[in-house]
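Working notes for the structure below.
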Amino acid sequence: MDVSVIGCGYVGASVAACFADLGHDVVAVDVDEERVEAIEDGRPPLHEPGLDELVAANAGERLRATTDYDAVPDTDLTFLAVQTPSNDDGSIDTSVVEAAAGMLGEALAGTDEHAVVVKSTVIPGTTADLVAPAVADAAGMTVGEDLHVGMNPEFQREGSAVGDFLDPDKIVLGADGDVEAYAALHEAYDPLREALDHEVPVVETGTREAEMIKYANNAFLAAKVSLANDLGNVCKEYGVDAYEVTDAIGLDHRIGAPFLRSGVGWGGSCFPKDVAAIIAAARAKGYEPELLAAAVSINDRQPERLLSLLDRHVDVAGERVAVLGLAFKPGTDDVRNSRAVPTVEGLRERGAEVVAYDPVAAGNMRERFPGIEYAESAAAALEGASGAVVVTDWPEFADLDGEFDAMADPIVVDGRRVVERREGITYEGLTW
Ligand SMILES: NC(=O)C1=CN([C@@H]2O[C@H](COP(=O)(O)OP(=O)(O)OC[C@H]3O[C@@H](n4cnc5c(N)ncnc54)[C@H](O)[C@@H]3O)[C@@H](O)[C@H]2O)C=CC1
Ligand SMILES: O=C(O)[C@H]1O[C@H](OP(=O)(O)OP(=O)(O)OC[C@H]2O[C@@H](n3ccc(=O)[nH]c3=O)[C@H](O)[C@@H]2O)[C@H](O)[C@@H](O)[C@@H]1O
């Protein structure tokens with residue numbers, strides 16, 4: 001099948017490379033020349049484990065990249081995978097999707113038939129009410145006749161995007177009853193399902209439902225972590241180990257073990273953006289989503305709770321304090337909405353001299369905080385520090401041991417339950 005993917009970011013690049021590897025002829029389109037050049041040269045346009053091999057293996061053959069939309073009409077199906085950032089009030093900014101839909105429509109003018117599928121995360125109604133008319137008007141096509149429109153949300157995580165795409169828990173196909181759109185999506189996904197040794201549930205639904213499934217999925221997971229944090233904060237007040245509690249409740253199949261790790265909270269490019277967007281969308285309709293709003297405020301509070309535990313042991317004004325971990329989660333250099341940002345801000349407000357360490361994310365955090373010190377290793381960050389806070393659960397922090405002896409005052413406040421408690425350090429867990 002000939003497939004085009006608009007947008008070569010985290011989602012678009014991995015989706016394009018995976019579909020090519022599964023045997024489709026894929027053309028990836030982006031306005032960013034560097035990303036296009038990278039793919040054309042056989043290099044991944046961004047860091048994502050496994051993407052390098054897939055791009056190298058398929059570039060120049062089943063995977064091509066271009067800045068030119070003229071390549072699109074030769075394909076049968078186009079996925080729109082451009083960014084959907086937040087407006088200042090948290091609502092979704094659809095201007096990039098709308099612009100891409102218009103460009104796509106212009107390129108499709110004169111085409112006999114085409115399927116357009118939104119992969120970006122968008123508020124219910126965006127596909128049917130904004131994208132479909134934008135493409136149809138620019139192309140001079142008619143939705144449901146020669147233009148088939150669908151919505152296929154993506155559930156991959158950063159750091160495991162390729163693996164998640166190739167072995168999904170579910171495939172959601174929204175197409176408002178358009179048989180041709182469902183058929184095109186099935187044709188795209190059939191090789192993936194055939195390559196697996198187990199069945200993948202395929203949910204055929206409407207475009208609004210598909211859009212909402214994506215938000216509900218992220219909102220549920222974010223709220224699950226916030227509930228674990230809320231309960232964890234209660235545990236801490238009572239001297240109860242929240243991890244023993246969540247390990248036990250996670251055994252109840254109705255609860256499930258994943259996403260119960262309490263600590264300094266959730267960050268990244270998606271949970272904060274998507275929870276804010278669905279809250280804003282609810283409010284726009286006059287509904288107050290109280291539980292989701294509480295999930296956000298609990299999340300916003302956790303970094304300050306982390307620092308207040310440090311305050312119990314040391315007045316950090318004028319003192320060197322180590323921040324271990326800057327990425328929003330391990331396995332990535334992404335610092336967008338990382339809990340390290342409010343943590344560093346809180347330390348600086350207290351007058352601390354911050355020395356930060358992250359195995360890969362220091363470069364990105366330097367753009368946000370150029371004025372703090374960045375250490376080359378956790379050991380170097382800890383040396384002479386009067387306190388340390390752990391913000392990211394990088395596995396290497398679990399191996400720290402004698403390094404704490406070089407601290408001026410070995411106070412360790414762990415926001416991720418990754419450091420081993422040991423003799424000789426004053427250890428505080430955020431929720432244990
Ligand atoms: N990052 C992730 O792990 C996940 C993201 N999503 C959703 O997928 C969507 C895309 O996210 P990312 O890939 O992270 O974004 P990104 O910002 O990494 O990539 C978007 C790409 O689209 C390109 N682009 C923008 N306008 C264009 C146009 N008119 N024509 C062609 N290319 C254009 C940009 O240059 C950029 O390379 C968002 O809605 C996001 O919420 C969904 C699941 C996972
Ligand atoms: O829409 C998206 O873009 C993606 O958002 C998340 O993926 P991602 O943000 O890459 O990372 P997660 O592994 O979900 O972690 C998100 C945040 O939650 C935190 N978290 C996660 C799990 C947990 O138990 N505790 C916890 O604090 C992590 O530290 C991290 O800051 C979802 O897991 C993906 O399914 C979704 O496709």
Side-chain angles (χ1 to χ4, degrees), residues 4-16 28-36 38-39 45-46 48 65-69 72 78-86 92-104 107 118-123 126 152-161 164-165 168-169 211 214-215 217-222 224-229 232 243 246 250 257-275 277 299 302 325 327-332 334-340 391-393 415-417 430-431:
S4 43
V5 179
I6 310 293
C8 301
Y10 284 90
V11 170
S14 50
V15 167
V29 183
D30 204 300
V31 290
D32 183 327
E33 287 178 10
E34 274 182 33
R35 287 189 164 175
V36 165
I39 296 175
L46 40 87
E48 194 56 58
T66 174
T67 55
D68 192 349
Y69 273 73
V72 171
T78 302
F79 287 95
L80 265 181
V82 299
Q83 67 269 38
T84 48
S86 303
I92 184 182
D93 173 358
T94 49
S95 59
V96 182
V97 171
E98 193 173 5
M103 291 161 83
L104 175 61
V118 175
K119 218 181 214 318
S120 303
T121 301
V122 291
I123 290 294
T126 308
N152 167 227
E154 184 51 55
F155 302 98
Q156 68 190 23
R157 291 161 296 173
E158 259 181 70
S160 53
D164 289 348
F165 183 82
D169 287 339
E211 290 163 331
K214 172 64 194 175
Y215 279 105
N217 216 93
N218 272 1
F220 196 97
L221 291 172
K224 191 177 182 190
V225 176
S226 278
L227 180 55
N229 285 338
Y243 275 67
T246 45
F259 279 71
L260 285 177
R261 288 181 59 82
S262 56
V264 71
W266 37 269
S269 67
C270 290
F271 281 180
K273 164 177 86 70
D274 292 348
V275 178
N299 197 53
Q302 288 308 89
F328 84 96
K329 67 174 188 180
T332 176
D334 195 343
V335 298
R336 286 177 289 177
N337 276 303
S338 168
R339 300 295 79 200
V391 182
T392 313
D393 34 347
R416 295 289 185 190
R417 200 188 176 93
L430 184 46
T431 58

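Remember, it's 1-based here, ligands and their atoms both numbered in the order they're listed. Position 1 is the first residue of the sequence, and the numbers go up from there.
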Relative to the heavy atoms of T84, which atoms of ligand 1 are at a distance of less than 4.0 Å? 38 (C), 39 (O), 41 (O)
Check each of F271, F165, Y215, F259 against atom 22 (C) of ligand 2 and report the one with the nearest heavy atom. F259
For R261 and ligand 2, does the shortest N/O to N/O distance drop below 3.5 Å? yes
Atom 18 (O) of ligand 2: of F155, Y10, W266, F328, the nearest heavy atom sits on W266
Against heavy atoms of E158, which atoms of ligand 2 measure under 4.0 Å? 10 (O)
Subset of ligand 1 atoms that lie under 4.0 Å from at least one heavy atom of M103: 29 (N)
Distance filter under 4.0 Å to V11 heavy atoms, resulting ligand 1 atoms: 2 (C), 4 (C), 5 (C), 6 (N), 8 (O), 13 (O), 42 (C), 43 (C), 44 (C)
Enumerated ligand 2 atoms positioned under 4.0 Å from heavy atoms of D274: 1 (O)
With no hydrogens and no angle check, is any side-chain donor or acceptor of K224 less than 3.5 Å from a backbone partner on P258? yes
Main-chain N/O of G263 paired with N229 side-chain donor or acceptor, under 3.5 Å: yes
When V82 is tested against each of V118, V29, V97 for side-chain contact (heavy atoms from CB on, under 4.5 Å), which residue passes? V97
Could you list the atoms of ligand 1 found under 4.0 angstrom from a heavy atom of G7? 21 (C), 22 (O), 23 (C), 32 (N)
Is there a heavy atom of F155 sitting under 4.0 angstrom from any atom of ligand 1? no
Could you identify the single nearest non-hydrogen protein atom to atom 7 (O) of ligand 2 and state the distance to 0.1 Å? R157 CG, 3.5 Å
Quick check: are there more than 12 heavy atoms from other residues, nucleotides or ligands sitting under 6.0 Å from CG of D169? no
Report yes if some heavy atom in the side chain of I39 is under 4.5 Å from a heavy atom in the side chain of C8; otherwise report no. yes
Which ligand 1 atoms does I6 reach within 4.0 Å, using its non-hydrogen atoms? 30 (N), 31 (C)
Does only the side chain of N218 get under 4.0 Å from ligand 2, or the backbone, or both, or neither? Count heavy atoms. side chain
Numbering as shown, the atoms of ligand 2 that approach L260 to under 4.0 Å (heavy-atom distance): 24 (O)
Validation row: T84, I123 side chains within 4.5 angstrom (heavy atoms): no
For residues C270 and T121, determine if any side-chain heavy atom of one lies less than 4.5 Å from a side-chain heavy atom of the other. no
Selected option - heavy-atom contact closest to atom 12 (P) of ligand 2, from Q302, K329, K224: K329
With a 4.0 Å cut-off on heavy atoms, does V225 reach ligand 2? yes
Sub-3.5 Å N/O-N/O distance, D274 and ligand 1: no
In ligand 2, the atoms that come under 4.0 Å of a heavy atom of C270 are 1 (O), 2 (C), 3 (O), 4 (C), 5 (O)
So CZ of F328 and CG of N337: to nearest 0.5 Å the spacing works out to 9.5 Å
Just jot down the ligand 1 atoms closer than 4.0 angstrom to any heavy atom of V96, in number order. 25 (C), 26 (N)
At under 4.0 Å between heavy atoms, is it the side chain or the backbone of Y69 that contacts ligand 1, or both, or neither? side chain
Got the closest protein heavy atom to atom 37 (O) of ligand 2, with its distance? Q156 O, 2.6 Å
Do R416 and R339 come close enough that some side-chain heavy atom pair is under 4.5 Å? yes
Output yes when the distance from some N or O of ligand 1 to some N or O of E154 is under 3.5 Å, and no in every other case. no
Can you tell me if R416 has a non-hydrogen atom under 4.0 Å from ligand 2? yes
Work out whether the distance between some heavy atom of G267 and some atom of ligand 2 is less than 4.0 Å. yes
Just to check, does A81 reach to within less than 4.0 Å of ligand 1 when the distance is taken from its heavy atoms? yes
For ligand 2, which atoms, with element, lie under 4.0 Å from some heavy atom of E154? 37 (O)
Check each atom of ligand 1 against the heavy atoms of D32 and keep those under 4.0 Å away; list them by number with element. 35 (O)
Min N/O separation D30 to ligand 1 under 3.5 Å: yes
Taking the minimum heavy-atom distance to atom 41 (O) of ligand 1, which of Q83, K273, E33 ranks first? K273
Ligand-side contact atoms (ligand 1) for residue partner G9, heavy atom cut-off under 4.0 Å: 13 (O), 16 (P), 18 (O), 19 (O), 21 (C), 37 (O)
K214 near ligand 2 by a heavy-atom separation under 4.0 Å: yes
How about E158 and R336: do any of their side-chain heavy atoms sit closer than 4.5 Å? yes
For the backbone of G265 and the side chain of Q302, can you confirm whether one donor and one acceptor N or O come within less than 3.5 Å of each other? no
Kindly confirm or rule out an N or O of K214 lying under 3.5 angstrom from an N or O of ligand 1. no
